[in-house]
Amino acid sequence: MKISKPRGTRDFLPEDTALRRHVESIMRQVVTHWGYHEIITPTFEHLDLFTLKSGEGIIGEIYKFTDKGNRDLSLRPELTAPVMRMYVNEMQARPLPLKLFYFENCFRYERPQKGRFREFWQFGVEVIGSKSPHADAEVIALAEQILESVGIKGDIHVGHLGIIRHILRELEGEKQNKIMRFVDKKDDKGLDEYLEAINAPIELREQIFELVSISGENAISKAKEIVGDLPELESFEKLLNLLDAYGVNYSVDFGIARGLDYYTGMVFEIYAEGLGAQNQVCGGGAYQLIHLFGGGDVPSTGFGIGFDRIMEICKLQPKPIQEVVVVATDDTRSEAIDIASQLRQHVPVYLDIMERNFRNQLSHANNMKADYVVIVGKKEVEAGKITLKEMSSGEQGLVTLEEALELIKR
RNA sequence: GCCGGGGUAGGGUAGCGGUUAUCCUGUAGCCCUGUGGAGGCUACGAUCCGAGUUCGAUUCUCGGUCCCGGCCCCA
């Protein structure tokens with residue numbers, strides 16, 4: 001019986017994997033140069049970690065299971081909660097801020113479609129311990145830089161939840177969340193009807209619509225006209241100035257909402273072309289989550305990049321790895337092993353393990369598109385040298401191992 | 001959870017009630033036991049799964065499953 005891979009998972013062939021690793025290494029290098037340190041958390045966690053953070057509602061999309069000790073566990077659906085858990089468990093004594101990053105697979109039981117899988121990879125960063133706009137700005141600038149480093153130009157939307165929360169402060173939490181939902185979806189009609197239904201004051205309705213429609217230059221002063229001087233606005237203004245200093249291109253969007261209340265301040269999203277319905281490649285913001293897991297009120301900010309969506313639109317090509325094929329005759333196999341071992345200290349080497357004859361070894365080298373073949377036959381062994389053959393031109397010559405390496409590495 | 005389009009060798013395809021299931025490519029080998037790429041030959045290899053209709057199903061019907069796209073959702 002033939003077994004296929006589970007729905008929403010993917011096999012990555014050697015070429016796919018090489019490209020993924022290539023892109024990953026570029027992104028990794030960028031964050032590392034920004035002073036971020038990689039961490040790894042468990043693939044599964046206690047289910048509570050995620051329900052505490054996001055509410056029971058997420059269970060429908062979680063891969064949960066009970067282990068033999070009757071523990072309720074879950075494959076991680078995201079990494080922010082695990083990172084915060086890790087911080088609370090074992091990093092609270094460290095000097096702040098912590099600048100961390102991760103690159104891990106996550107699991108969600110969702111309907112697969114373009115850019116959405118049940119096992120997917122997230123590349124993200126979390127800055128723990130600073131509530132300054134400087135932290136927010138750094139994180140956004142870093143996100144932009146990472147995308148740019150792999151050739152993706154995203155459309156960055158930056159907002160601040162403090163402003164709309166201020167307008168809605170008189171309403172009960174339930175209503176606030178519903179309104180945020182409409183705002184996030186840009187569903188003006190639905191929003192209007194809902195505000196009508198709950199009999200919201202006229203002034204509040206106007207404020208919401210005005211705020212959400214703000215765009216372009218002078219966003220801050222326009223917002224000030226609506227809500228007056230707010231400390232949140234002041235900090236947001238600082239953030240925008242810092243983004244200018246970083247040279248980040250962004251548009252202000254007070255309509256970015258998040259369903260979850262632990263997002264408190266700055267929020268941002270980055271969209272890219274070529275992904276159909278799933279065009280968001282990065283999302284992030286400032287949040288207060290640590291107190292949920294038994295730590296103090298430590299402010300954090302971070303983002304996650306959907307790595308698979310990046311791969312979908314990324315045009316990069318991996319540098320091809322050229323293997324040197326060592327070809328031997330039946331009576332020089334052991335000498336060939338010796339030569340191969342020496343070559344392997346410098347370059348990737350392929351040695352026949354099919355007991356092919358000389359001709360077929362060469363033919364196979366051609367099939368695998370080898371650049372160079374090193375021939376180790378009786379003649380070579382006697383001369384204490386090897387024959388280096390360049391496959392594309394067919395040229396070959398008797399040289400020493402050192403000379404061959406010289407030519408190959410050129 | 002909802003809607004639409006799909007599934008024939010490893011990859012790409014033809015057949016659309018009865019075929020030895022087509023062709024290309026691939027892989028292994030031979031022609032050709034120290035020189036590859038061309039050509040010829042040989043071998044390997046497929047109707048997604050299950051049920052129904054039928055004398056007979058790859059073909060028609062239903063269910064499942066997986067893939068692709070969209071909706072919902074998106075921590």
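Convention: sequence-line order gives letters A, B, ...; per-chain numbering from 1. Quantities reported herein were computed from a predicted structural model and do not represent experimental measurements.
Residue contacts shown for A:F50 are absent, as no nucleic acid heavy atom lies under 4.0 Å away. Among the heavy atoms of the strands lying under 4.0 Å from A:R356 are primed sugar atoms or P, OP1, OP2 only; no base atom is included. Nucleic acid contact class of A:T329 (heavy atoms, under 4.0 Å, all strands): base. Among the protein residues, A:G8 comes within range of the sugar-phosphate backbone only, with heavy atoms under 4.0 Å from sugar or phosphate atoms but none that close to a base. Within 4.0 Å (heavy atoms only), A:G394 reaches at least one base atom of the nucleic acid.
For the P atom pair drawn from B:G69 and B:G29, the interatomic distance equals 39 Å after rounding to whole Å. Comparing the same atom, P, in B:C72 and in B:U61 gives a spacing of 31 Å after rounding to whole Å. The same atom, P, is picked in B:C30 and in B:U47; the two are 30 Å apart, to the nearest Å. Atom name C1', nucleotides B:C60 and B:A43: the rounded distance is 37 Å, in whole Å. If you take atom P in B:U19 and the same atom in B:G11, they sit 26 Å apart, rounded to whole Å. A distance of about 32 Å separates the C1' atoms of B:C2 and B:A57, rounded to the whole Å. Distance check on atom C1': B:C16 versus B:C73 gives 40 Å, rounded to whole Å. Taking the P atom of each, B:C48 and B:G12 are spaced 14 Å apart, rounded to whole Å.
Checked against the 6.0 Å centroid criterion, the rings of A:W121 and A:F12 qualify as a close aromatic pair.
Rounded to whole Å, atom P of B:C68 lies 10 Å from atom CD of A:Q113. Going from atom CG of A:D352 over to atom C1' of B:G36 covers 14 Å, rounded to whole Å. Look at CD on A:E312: it is 9 Å from P on B:C68, rounded to the nearest Å. When rounded to the nearest whole Å, the span between OH of A:Y63 and C1' of B:C74 equals 15 Å. For the pair A:N360 CG and B:C30 C1', the interatomic distance rounds to 9 Å; values are reported in whole Å. Following rounding to the nearest Å, A:E110 (CD) and B:C73 (P) show an atom-to-atom distance of 12 Å. Residue A:Q280 contributes atom CD, which lies 12 Å from atom C1' of B:A75 at whole-angstrom precision. Between the CD1 atom of A:I375 and the P atom of B:G34 there is a distance of 11 Å, given to the nearest Å.
A donor-acceptor contact under 3.5 Å is not formed by the side chain of A:R359 with the base of B:C31. Side-chain N/O atoms of A:Q396 and base N/O atoms of B:G34 include no donor-acceptor pair closer than 3.5 Å. Side-chain atoms of A:Q361 and base atoms of B:U35 include no donor and acceptor less than 3.5 Å apart.
Both tests do not hold together for A:R118 against A:F107: distance to the six-membered ring centre under 6.0 Å, angle to the ring axis within 45°.
None of A:L388, A:I375, A:T387 except one satisfies the side chain to side chain contact (heavy atoms under 4.5 Å, CB included) rule with A:L398; the exception is A:T387.
Within 6.0 Å of CD on A:E234 lie no more than 12 heavy atoms contributed by other residues, nucleotides or ligands.
Each of A:L362 and A:I62 was assigned the nucleotide of RNA chain B with the nearest heavy atom; the assignment lying further toward the 5' end belongs to A:L362. Both A:M354 and A:R7 lie near RNA chain B, and the one whose nearest nucleotide falls closer to the 5' end is A:M354.
Checking B:C3, B:A75, B:G34 against the side-chain heavy atoms of A:E380 singles out B:G34 as nearest. Listed candidates were B:G70, B:C68, B:A75. Nearest to the side chain of A:Y263 is B:A75. Distances were taken from every side-chain heavy atom of A:N366 (C-beta onward) to each of B:A75, B:G34, B:G36; the shortest belongs to B:G36.
Distances shown here put every side-chain N or O of A:N357 at or beyond 4.0 Å from the OP1 or OP2 atom of B:U35. Taking 4.0 angstrom as the limit, A:K185 places a side-chain polar atom (N or O) nearer than this to OP1 or OP2 of B:C73.
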Q. Between A:E193 and A:K189, is a salt bridge (Lys or Arg N to Asp or Glu O under 4.0 Å) present by the stated rule, with each step listed?
A. CA-CA 6 Å; A:E193 283 165 10; A:K189 192 161 164 281; 3.4 Å; yes

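Taking the six-membered ring for Trp and thresholds of 30 and 60 degrees, A:F182 and A:Y194 have ring planes inclined between 30 and 60 degrees apart. Relative orientation of the A:F236 and A:F254 rings is tilted, given thresholds of 30° and 60° on the angle between their planes.
A 3.5 Å limit on both hydrogen-bonding distances identifies B:U27 as the Watson-Crick or G-U partner of B:A43. Look at B:C71: its Watson-Crick or wobble partner, with both distances under 3.5 angstrom, is B:G1. With both pairing distances under 3.5 Å, B:G63 is matched to B:C49 as a Watson-Crick or G-U wobble pair. The partner of B:U22, taking Watson-Crick or G-U wobble pairs whose two distances both stay under 3.5 Å, does not exist in any strand shown.
Note on A:E273 versus A:K153: no salt bridge recorded, every NZ/NE/NH1/NH2 to OD/OE distance being 4.0 Å or above.
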